[in-house]
Amino acid sequence: NLMIVTHIEHVRLEKGWKLIKDIWWKFCGACIRFLEVNESNFYKRSSGGYFYICKQCSNRPKEKGKLPGYEEVKESVN
């Protein structure tokens, strides 16, 4: 099935974002939670895009340069 989408919508869909009832949702790159894309869940870049990890993960202390939650996600996948 084909959909008519804008360039921005196409990029978001390619990155794994989901459009549910006219609201964009995406996974956090660190904790893998599925969150609504808004300024309360993700920091907004000056270019208008959103960071790949959620605010909660970006505020956690980082260990050895790894993403917050990296070890927990790796263990849950294996």
Side-chain angles (χ1 to χ4, degrees):
N1 294 335
L2 297 175
M3 293 178 8
I4 298 174
V5 296
T6 65
H7 175 71
I8 292 173
E9 291 171 335
H10 172 76
V11 171
R12 288 178 175 175
L13 291 169
E14 286 291 317
K15 290 183 178 183
W17 294 31
K18 304 287 182 199
L19 185 60
I20 303 170
K21 296 183 181 178
D22 295 327
I23 298 173
W24 285 103
W25 294 73
K26 73 177 204 162
F27 288 98
C28 169
C31 66
I32 316 299
R33 289 184 300 150
F34 195 59
L35 301 168
E36 181 180 348
V37 179
N38 57 38
E39 292 185 27
S40 65
N41 289 328
F42 294 92
Y43 287 112
K44 193 168 188 176
R45 298 176 189 265
S46 59
S47 63
Y50 290 90
F51 283 93
Y52 65 99
I53 60 175
C54 67
K55 282 186 175 181
Q56 183 178 358
C57 289
S58 64
N59 291 327
R60 286 189 202 162
K62 295 172 179 56
E63 296 178 12
K64 299 179 185 174
K66 294 182 181 176
L67 289 173
Y70 174 79
E71 292 300 326
E72 293 84 8
V73 171
K74 187 176 177 182
E75 289 174 6
S76 67
V77 172
N78 293 332

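Only heavy atoms go into these numbers, but all of them, side chains included; no hydrogens, no water, no symmetry mates. If you're wondering where the values come from, they're calculated on a predicted model, not measured in any experiment. Along the sequence shown, the residues carry numbers beginning at 1.
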Other residues, nucleotides and ligands only: do more than 12 of their heavy atoms fall within 6.0 Å of NZ on Lys55? yes
Stepwise, does the side-chain contact (heavy atoms from CB on, under 4.5 Å) test hold for Asn59 with Tyr43? CA-CA 11 Å; Asn59 291 327; Tyr43 287 112; 3.3 Å; yes
So does Ile20 have more than 12 non-hydrogen atoms from other groups sitting under 6.0 Å from CD1? yes
Please answer: with hydrophobic residues joined when any side-chain heavy atoms are less than 4.5 Å apart, are Leu19 and Phe27 in the same cluster? no
Do Glu9 and Trp17 have side chains that approach each other closer than 4.5 Å (heavy atoms only, starting at C-beta)? no
Just verifying a value: how many Å separate Arg12 CZ and His7 NE2, rounded to the nearest 0.5 Å? 11.0 Å
Are Val37 and Val5 connected, step by step, through hydrophobic side chains (Ile, Leu, Val, Met, Phe, Trp, Tyr) whose heavy atoms are closer than 4.5 Å? yes
Give the minimum heavy-atom separation between Leu13 and Met3, together with the two atoms involved. CD1-CE, 4.1 Å
Minimum-distance pair of heavy atoms, taken over all atoms of Cys54 and Cys28: N-SG, 3.3 Å
Under 6.0 Å from the ring centre and within 45 degrees of the ring axis: does the NZ or CZ of Lys26 meet both conditions for the six-membered ring of Phe42? yes
ILVMFWY network linking Leu35 to Ile32, side-chain heavy atoms under 4.5 angstrom: no
Can Tyr50 be reached from Phe34 by stepping across I, L, V, M, F, W or Y side chains whose heavy atoms are under 4.5 Å apart? no
